[in-house]
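One structure is given below, encoded as structure tokens.
Protein chains get the first letters and strands the later ones, always in sequence-line order, with residue 1 at the start of each.
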Amino acid sequence: MSNPSHQYRSSFLGLLAERGQLQDCTDAGGLDARLQKEHVTGYIGFDCTAPSLHIGSLSQIMILRRLQQSGHRPIVVMGGGTTKVGDPSGKDDMRSLLTNEQIEANKQSIRKCFERFLTFGDGPSDAIMVDNADWLDKLEYIPFLRDVGRHFSVNRMLTMDSVKLRLERDQPLSFLEFNYMILQAYDFVELFRRYGCTLQLGGSDQWGNIVNGIDLGRRVAEAELFGVTSPLITTASGAKMGKTAKGAVWLNADMLSPYDYWQFWRNVEDADVGRFLRLFTELPEAEITRLENLGGAERNEAKKILANETTRMLHGDAAANDAAETARRTFEEGGIAEGLPTFEIERARLSEGLPLTTLAQLSGLTASSGEARRFIQGGGLRVNDEAVSDVKAAVSLADLTAEGVIKLSVGRKKHVLVKPV
RNA sequence: GGGGGAGUGUCCCGAGCGGCAAAGGGGGCGGACUGUAAAUCCGCUGGCUUCGCCUUCGUAGGUUCGAGUCCUACCUCCCCCA
């Protein structure tokens, strides 16, 4: 249920609604009033299951940013504690357990990217970052059960989607994971006590966890807490956001280059452009309306703007400009742009002549020489923009272009420059 | 504790009388068509020094000329009984 923005008086809820990031809300009227009259502290928790967040989390990050822009205080909660337990929501099978060392390393790696989206500090609307391991690790089992566990009915826990879906599909659910919702609920209460946090935000799959936290807060702390969820973001064709052939679309530059990040946004489906501009940029509504109504090939202009804006926000102006320029030269001029991935090889090896399949594999263009062979057979591999048909073709210094490199390509979009050294 | 069932190509789902690099989907990638889009059609979707060799079907052994397929033990999960 998407609510028209005019229903809300507070700038924050109005903004979320306008941007398509409002799915559900507990006591919308009460929260709306609260947001108008005081600084509200709100949080979102992030798992530490990987060394980087990916764009599946980007909508959540944008929500925290919008919370801050609306004058409120965001808390980024790193799930250093809850990741040790594993959230069963939306997953069919049990995740393999990460070691404490892995979780800690992931946490350190993830935290950096928030600085690009939020302003941290000590002011009333400055963001703070905390790790729920700070309090979860120290819990004592029996006292915790008596203080918190008694407020949870197993009967009701079994009806929560995260649990119910597993059971219905005969998928295993360990007792460890079963506890996740209790810990997340407890997080909310702990954040209320420590920071006066009264709002939890999250994806729609977190609704149950959020409501549990609100209930628990009322029971153990007489707190009036609120919850807001945002829609699960999918592409127009229904796929989950962010999976590509190479894997997830990571936010950390060392996991996915700014150029590839830019390309991801440049290549979204037509039908997604307007929605993504609203979700992932801060362009004004009027401009987005104009862009999404561009027809035919002009739609590409809207995609470039989407790519520029999203890349700029994550990686900065310089990286976004570089990516755009590299793309322009590669695709619009069909030329050779320095921004493309470059592979260096000893001049001597090249002078002897090297099988193309080997070079494609070495340079990382293809995963194996066998894959390179298949691409050649399928007419998908090019040297200096010319298709190669001979599986046994060799490459040598004679293939250097005027720029002194050899451009290898697979498909329209994947290129590597081979440079002799 | 007892009985029954399941684990297949490291993207997923899923067939598989002892001859299997292993059916079929989905997804992905490449080609054609386009606008670096969608839809459609075609092809590919273990590795290598490729007329051949090597590694794969939960783990470890065994039977066999030959095992994903049979036997034994173990691990994990599901269901039923206690």
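Applying the Watson-Crick and G-U wobble criteria (two distances, each under 3.5 Å), B:C77 pairs with B:G5. Applying the Watson-Crick and G-U wobble criteria (two distances, each under 3.5 Å), B:G52 pairs with B:C48. Checking B:G24 for Watson-Crick or G-U wobble geometry (two distances, each under 3.5 Å) identifies B:C13 as its partner.
Looking at A:Arg278 and A:Glu285, a side-chain N of the basic residue comes within less than 4.0 Å of a carboxylate O on the acidic one, giving a salt bridge. We find that A:Arg290 and A:Glu287 are joined by a salt bridge, their nearest charged nitrogen and carboxylate oxygen being less than 4.0 Å apart.
When heavy atoms are screened at a 4.0 angstrom cut-off, A:Thr330 is found touching no nucleic acid atom at all. Counting any heavy atom pair closer than 4.0 Å across all strands shown, A:Val391 reaches no nucleic acid atom. At a threshold of 4.0 angstrom between heavy atoms, the contacts of A:Glu371 with the nucleic acid are absent. Among the protein residues, A:Ala327 comes within range of the nucleic acid bases, having at least one heavy atom under 4.0 Å from a base atom. Using a 4.0 Å heavy-atom distance criterion, A:Phe331 is classed as a base contact. Nucleic acid contact class of A:Arg374 (heavy atoms, under 4.0 Å, all strands): sugar-phosphate only. Within the 4.0 angstrom heavy-atom criterion, base atoms lie near A:Gly296.
Taking the O4'-C1'-N9-C4 or O4'-C1'-N1-C2 dihedral as appropriate, B:C20 has a value within 90° of 0 and is therefore syn.
A:Trp262 pairs in a side chain to side chain donor-acceptor pair (under 3.5 Å) with only one of the listed residues (A:Asn267, A:Asn321, A:Asn308), which is A:Asn308.
On the P atoms, B:C53 is 28 Å away from B:C70, given to the nearest whole Å.
Side-chain atoms of A:Asp32 do not come within 3.5 Å of backbone N or O of A:Tyr8 as any donor-acceptor pair.
Comparing A:Arg382 and A:Ser369 by the nucleotide of RNA chain B whose heavy atom lies nearest to each, the residue mapping closer to the 5' end is A:Arg382.
If you check B:G35, B:C29, B:U36 against the side chain of A:Arg299, the one that comes closest is B:G35.
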